[in-house]
Amino acid sequence: MGIYLNPGYTGFEEIRRDIYVDKTGLISYMNSLIGKPKPLVSFSRPRRFGKSFDVNMLCAYYDSSCDSRFLFEDLEISRDESFEKHLNQYNVISFDVTGFAADSKDKKTDIISNIRNALLKEIKEAFPNSVDENENNLGRALYTVVSRGDAKFVFIIDEWDALFRENKEDKQLQKDYILFLRSLFKNRDLTSKTIAAAYMTGILPIKKYGTESALTDFREFTMAAPDALAPYVGFTEREVLDLCDKNHLDFEEIKSWYDGYSFDNVGSVYSPNSVMQAIERKALRNYWTASETYESLAAYIGMNYKGLKNDIIRMLGGEAVRVRISTFQNDMTSFKSKDDVLTLLIHLGYLSYNADTKRVVIPNQEIADVFGDATDQEGWEEIGELIQESDDLLDATLQGDSDAVAEALEKVHAANSSILRYNNEAALSSAIMIAYYTARRIYKIIPEFPQGKGFADLVFLPRRGSDKPVMIVELKYDKDADTAIRQIHENRYDGDLKKYFGNLLLVGINYDKNVKGADAKKHSCVIERV
């Protein structure tokens with residue numbers, strides 16, 4: 001076994017010793033491509049979504065230098081008809097581009113040459129009777145090994161896009177790197193004879209030049225279009241339910257913090273790192289900053305593209321905004337519009353994309369916290385001030401200070417009137433979601449909550465361990481706050497809210513656009529404790 005050639009099963013064995021979620025269905029998909037044209041897959045996902053776990057799993061399964069059956073015989077893949085056929089049947093070449101990028105930067109050497117030379121060195125050592133010591137062509141060395149009777153190769157490349165992320169401005173290096181990958185995978189005659197399959201994973205999709213992919217023979221799966229690989233993007237809801245049951249955690253609390261990504265035929269998908277951290281630490285909090293700091297997000301949302309700032313504010317208010325993902329060139333510098341920036345944020349995991357509606361949202365409370373931190377910068381002063389005032393607003397609400405609540409909501413509504421289309425109830429709802437931004441840390445805010453005979457506009461449910469009251473918020477437009485309170489009573493606060501009886505706060509809010517003079521655009525509020 002080597003570092004890059006046939007690395008063995010120890011990486012996956014270590015993963016199996018920990019809490020493990022079976023994702024071997026990915027192996028079934030890869031097996032289905034072997035022997036067919038284009039057995040090449042690129043699967044991009046954000047940091048901490050299990051990419052390196054997949055790499056270790058695939059290495060352990062395909063590597064012919066070891067017997068890894070014991071690691072798979074109790075997993076889903078063992079029941080697949082392809083299991084025996086491909087288990088430990090190939091020479092595996094696996095490498096992480098990030099490691100080469102870091103090493104080359106420190107030693108000021110050529111990254112592409114380092115990768116090629118490292119792979120050639122191990123191939124020559126493993127097959128001295130097949131590959132000449134002076135051979136310097138990687139593709140030719142692979143062909144020689146296979147032509148002399150040894151097994152085909154499976155390529156597994158982790159962080160394939162590292163040079164596009166860490167060497168953002170070095171266009172020549174990026175082009176040289178693409179040419180290197182093409183030399184391995186673009187020659188279909190050579191590829192079919194030497195490579196059984198290839199799997200690349202990273203954060204960014206394959207680089208585009210104009211409308212064309214740089215590596216057209218790869219089957220590509222991304223956060224915007226995971227398709228057949230959607231179940232392997234992260235943890236599915238069923239998997240999270242099982243983990244919560246086994247580890248005695250409140251699923252609804254986990255869901256309120258970490259749910260938010262969703263794909264056709266799969267439903268909700270969760271960040272594996274966040275869920276695992278919550279299980280291990282027995283604490284629900286923001287674990288995203290361990291993988292992507294708010295400073296990186298701040299750099300992107302701070303770009304001065306028309307409409308970008310307004311879209312961020314609308315999403316902070318709980319709205320979904322439309323985005324065109326087709327113009328994104330799949331790198332970190334070729335931005336031409338707000339759509340390109342928002343598309344990058346989809347691939348980085350900061351936004352969740354709905355392919356049917358072509359809209360994006362901030363996926364969950366964990367990411368919302370990161371956005372809150374990211375807006376605390378120059379150019380976002382008005383939003384930063386509103387978020388800072390959010391704590392005072394919640395205190396005023398809990399203390400029953402209706403005048404202070406009305407004044408605060410009026411300020412938020414006015415500050416965002418051009419974005420939120422001031423004169424309608426939806427705008428008022430969005431303004432309230434922004435105004436109560438920090439309340440999400442102790443409350444789960446649910447729009448259109450079932451309440452007795454009807455639905456409450458907004459319900460604030462306290463998170464586990466909080467002694468705060470449930471807040472039922474009813475919004476009115478061109479009526480009055482007392483009417484809002486009466487509607488809450490008429491609908492009755494029973495059903496799912498019945499268990500909170502005795503600790504309820506009813507909040508009626510109204511905006512009347514027809515009021516003139518000094519009271520124009522005034523909001524009214526009535527707060528009643530049950």
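All values below were derived from every heavy atom in this structure, side-chain atoms included, with hydrogens, water molecules and symmetry-related copies excluded.
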Ring center gap for F49 and Y261 short of 6.0 angstrom: yes
Would you call E252 and K444 a salt bridge, using N to O less than 4.0 angstrom? yes
Measuring from atom CZ of F70 to atom CZ of R16, what distance do you get when rounded to the nearest 0.5 angstrom? 9.5 Å
Separation between CD of E76 and CZ of F83, rounded to the nearest 0.5 Å: 12.0 Å
Tell me which pairs pass salt bridge (Lys or Arg N to Asp or Glu O under 4.0 Å) where either residue lies in residues 345-360, with sequence neighbours left out. none
Distance-only criterion, 3.5 Å: show the donor-acceptor pairs between side-chain atoms of residues 240-249 and protein atoms not counting sequence neighbours.
residue, atom, partner, partner atom, Å
D242, OD1, R238, NE, 3.4
D242, OD1, R238, NH2, 3.1
N247, ND2, L243, O, 2.8

Tell me whether the NZ or CZ atom of K51 lies within the 45° cone about the ring axis of F53 and under 6.0 Å from its centre. no
W257 side, atom CH2; Y287 side, atom OH - distance, nearest 0.5 Å: 9.0 Å
What residue pairs, at least two apart or across chains, pass side chain to side chain donor-acceptor pair (under 3.5 Å) with a residue in residues 126-135? E135-R140
Side-chain donor/acceptor pairs under 3.5 Å, residues 155-163, sequence neighbours excluded:
residue, atom, partner, partner atom, Å
D158, OD2, S52, OG, 2.9
E159, OE1, R165, NH2, 2.5
W160, NE1, L204, O, 3.2
D161, OD1, R165, NE, 3.4
D161, OD1, R165, NH2, 3.3
D161, OD1, I203, N, 3.3
D161, OD2, R165, NE, 2.9
D161, OD2, I203, N, 3.0
D161, OD2, L204, N, 2.6

Could I get the full list of salt bridge (charged side-chain N to carboxylate O under 4.0 Å, His left out) partners for E73, not counting sequence neighbours? none
Are the aromatic rings of Y350 and Y300 close, with centres under 6.0 Å apart? no
Of N31, L75, N56, which is the lone residue that meets side chain to side chain contact (heavy atoms under 4.5 Å, CB included) with Y61? N31
Determine whether the side chains of N354 and S262 contain a donor N or O and an acceptor N or O closer than 3.5 Å. no
Indicate whether the side chain of D340 and that of T343 have a donor and an acceptor atom separated by less than 3.5 Å. no
Going by an N to O cut-off under 4.0 Å, is there a salt bridge joining D250 and K255? no
Carboxylate-amine/guanidinium contact K338 D311, below 4.0 Å: yes
Mind checking side-chain contact (heavy atoms from CB on, under 4.5 Å) for A126 and listing every partner two or more places apart, or none if nothing turns up? L5
